[in-house]
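Below is one structure, written out as structure tokens, with a few remarks after it.
In what follows, chains are A, B, ... by sequence order, proteins preceding strands, each numbered from 1. No hydrogens, no waters, no symmetry mates; every other heavy atom, side chains included, goes into these values.
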Amino acid sequence: MPELPEVEVVRAGLAPAVTGSRVLGVEVFEPRSLRRHDPTTGVFEELLTGARIEAAVRRGKFLWMPLDTGRALLAHLGMSGQLLLRTPDAPLVPLLRARLHVASPAHGDLAVDFVDQRIFGSLAIERMVETEDGAPAGYSGDAGETDASWRTRLPVPVAHIARDPLDPAFDDARFLAALRARRTGIKRALLDQNLVSGIGNIYADEALWSARVHYDEPSSAVGPVRSRRLLAAVREVFERALAEGGTSFDAQYVNVNGASGYFAHSLNAYGQQGRPCPRCGTPIVREQFMNRSSHRCPRCQRRR
DNA sequence: ACACAAACCTGCCGGC
DNA sequence: TGCCGGCAGGTTTGTG
């Protein structure tokens with residue numbers, strides 16, 4: 001479930017169940033799902049078992065659970081990862097890569113299942129570092145003490161990831177200046193997680209459609225008015241997708257209870273090739289760009 | 001700085 | 001029915 005709204009749906013579902021819980025045990029069925037865990041820092045299962053989970057935090061598409069050991073369980077869903085809450089004795093499904101057993105103060109004993117078809121996603125135990133700006137590292141909902149030390153700390157592999165546009169500490173001016181300074185296409189910039197995080201192929205195409213910008217226009221040529229409009233469009237499409245529970249094209253992209261989101265019905269450009277642009281009626285086209293598909297209205301989104 | 005390809009993977013779908 | 005190419009929401013790494 002991979003872009004910001006889908007990962008946030010997972011985080012929001014996970015948080016009330018895992019916050020304050022104790023990890024009773026871990027079962028790893030697919031070692032490749034731990035590809036990003038550095039074994040020289042310790043054995044994954046040993047670093048996790050017995051720890052208390054303090055929260056569920058998200059920045060962009062990265063999700064982590066700070067532990068009382070000072071480290072964090074970092075999860076990235078990749079293209080096809082899911083985190084599911086089950087009963088401890090729930091049957092093992094074929095694509096189940098790992099299962100955490102936790103004792104939750106709110107929900108009793110639970111299984112947290114990591115299911116991932118393509119194994120592009122991963123779990124790892126990571127060390128934490130302080131944020132550069134001293135602001136909270138990511139979004140964690142309202143739970144927990146506001147002065148907890150984990151709030152301004154983030155896993156090392158996330159330190160280079162930019163804040164996302166829904167983060168109160170996101171620096172609009174800095175982002176707009178970066179767009180102006182870059183010599184690259186605007187969609188490339190939107191997808192660059194070091195510039196702004198959380199945007200993937202779907203929401204890039206949707207925001208570009210909304211702001212009527214061609215994906216390959218130089219980011220420096222978009223200008224302040226349209227750049228602001230584009231940033232606003234990203235936020236707006238994120239908020240609308242969140243309200244709909246995210247985008248699900250099939251059973252692959254689901255919340256912690258296995259339920260699909262409904263935003264696929266609200267897409268204006270992504271996957272809409274051949275269908276009329278909701279604004280002007282011109283058929284949406286799909287084009288290859290960056291070795292993936294880009295969707296745009298050939299009339300509303302002309303290259304300038 | 002930036003572009004590009006490759007690597008990491010499985011499963012589904014349409015065409016033949 | 002079965003095989004094959006093409007497609008899929010991502011990140012990292014290496015090369016030029």
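- For the ring pair (Phe, Tyr, Trp, His ring centres under 6.0 Å) condition, the pairs that include at least one residue of residues 169-192 of chain A, sequence neighbours left out, are A/F170-A/F175.
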Close N or O pairs between protein and nucleotides 4-6 of chain C (under 3.5 Å):
none

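- Scanning for side chain to side chain donor-acceptor pair (under 3.5 Å) contacts around A/R240 gives A/E236, with sequence neighbours left out.
- Checking the phosphate oxygens (OP1, OP2) of C/dT11, a side-chain nitrogen or oxygen of A/H76 falls inside 4.0 Å.
- In the displayed structure, A/R35 atom CZ is contacted under 6.0 Å by more than 12 heavy atoms of other residues, nucleotides or ligands.
- A search for salt bridge (charged side-chain N to carboxylate O under 4.0 Å, His left out) contacts involving A/R32 returns A/E30, not counting sequence neighbours.
- Contact annotation: A/K61 side-chain N/O to C/dT11 OP1/OP2 distance is under 4.0 Å.
- Judged as a salt bridge (Lys or Arg N to Asp or Glu O under 4.0 Å), the pairs with a partner in residues 271-295 of chain A (not counting sequence neighbours) are, in order, A/E287-A/R296.
- Rounding to whole angstrom units, CD of residue A/E30 and C1' of B/dC9 are separated by 10 Å.
- Look at CE on A/M79: it is 10 Å from P on C/dT11, rounded to the nearest Å.
- Open room surrounds OH on A/Y262; 12 or fewer heavy atoms of other groups in view lie less than 6.0 Å from it.
- In this view, A/R99 and A/D113 satisfy the side chain to side chain donor-acceptor pair (under 3.5 Å) rule, not counting sequence neighbours.
- Here C/dG9 presents its C1' atom at 7 Å from CD of A/E6, a figure rounded to the nearest Å.
- Listed by first residue number, the stems of DNA chain B with at least three Watson-Crick or G-U pairs below 3.5 Å are B:2-8 with C:10-16, B:10-16 with C:2-8.
- Under the 4.5 Å side-chain criterion, counting only non-hydrogen atoms from C-beta, A/P5 is in contact with A/Y203.
- Between the CZ atom of A/R35 and the P atom of C/dT11 there is a distance of 13 Å, rounded to whole Å.
- Using a 4.5 Å heavy-atom threshold, the side chains of A/I284 and A/Y270 count as separate.
- Residues meeting the side chain to side chain donor-acceptor pair (under 3.5 Å) test with A/H101, sequence neighbours left out: A/E27.
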Between the protein and nucleotides 10-12 of chain B, which nitrogen or oxygen pairs are less than 3.5 angstrom apart?
residue: B/dT10; atom: O4'; partner: A/Q117; partner atom: O; Å: 3.3
residue: B/dT10; atom: O2; partner: A/Q117; partner atom: OE1; Å: 2.6
residue: B/dG11; atom: O4'; partner: A/Q117; partner atom: OE1; Å: 3.2

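- The salt bridge (Lys or Arg N to Asp or Glu O under 4.0 Å) test with A/D164 singles out one residue from A/R11, A/K61, A/R58, A/R235, and that residue is A/R58.
- In this entry the distance linking OH of A/Y270 with C1' of C/dA8 reads 7 Å, nearest Å.
- Between the CG atom of A/L74 and the C1' atom of C/dT12 there is a distance of 14 Å, given to the nearest Å.
- For the side-chain contact (heavy atoms from CB on, under 4.5 Å) test, residues two or more places apart in sequence or in another chain that qualify with A/R182 are A/T184, A/D192, A/L195, A/S219.
- Residue A/S293 is in sugar-phosphate contact alone, with no base atom involved, counting any heavy-atom pair closer than 4.0 Å across all strands shown.
- Residue side chain A/F120 fails the stacking definition with respect to B/dC9, as its ring centre and the base's six-membered ring centre are not both under 5.5 angstrom apart and under 30 degrees in plane angle.
- C/dC7 atom C1' lies 17 Å from atom CD of A/E287, rounded to whole Å.
- Counting any heavy atom pair closer than 4.0 Å across all strands shown, A/N291 reaches sugar-phosphate atoms only and no base atom.
- In this structure, A/H295 places its NE2 atom 8 Å from P of C/dG9, rounding to the nearest Å.
- Annotation: B/dC13 and C/dG9 have their P atoms spaced 16 Å apart (nearest Å).
- The side-chain heavy atoms of A/L100 and A/L48, taken from C-beta on, include a pair separated by under 4.5 Å.
- Considering only residues two or more places apart in sequence or on other chains, A/D147 meets the side chain to side chain donor-acceptor pair (under 3.5 Å) condition with none of them.
- Within residues 185-206 of chain A, the residues having any heavy atom closer than 4.0 Å to DNA chain C are, in order of number, A/Q193, A/G200, A/N201, A/I202.
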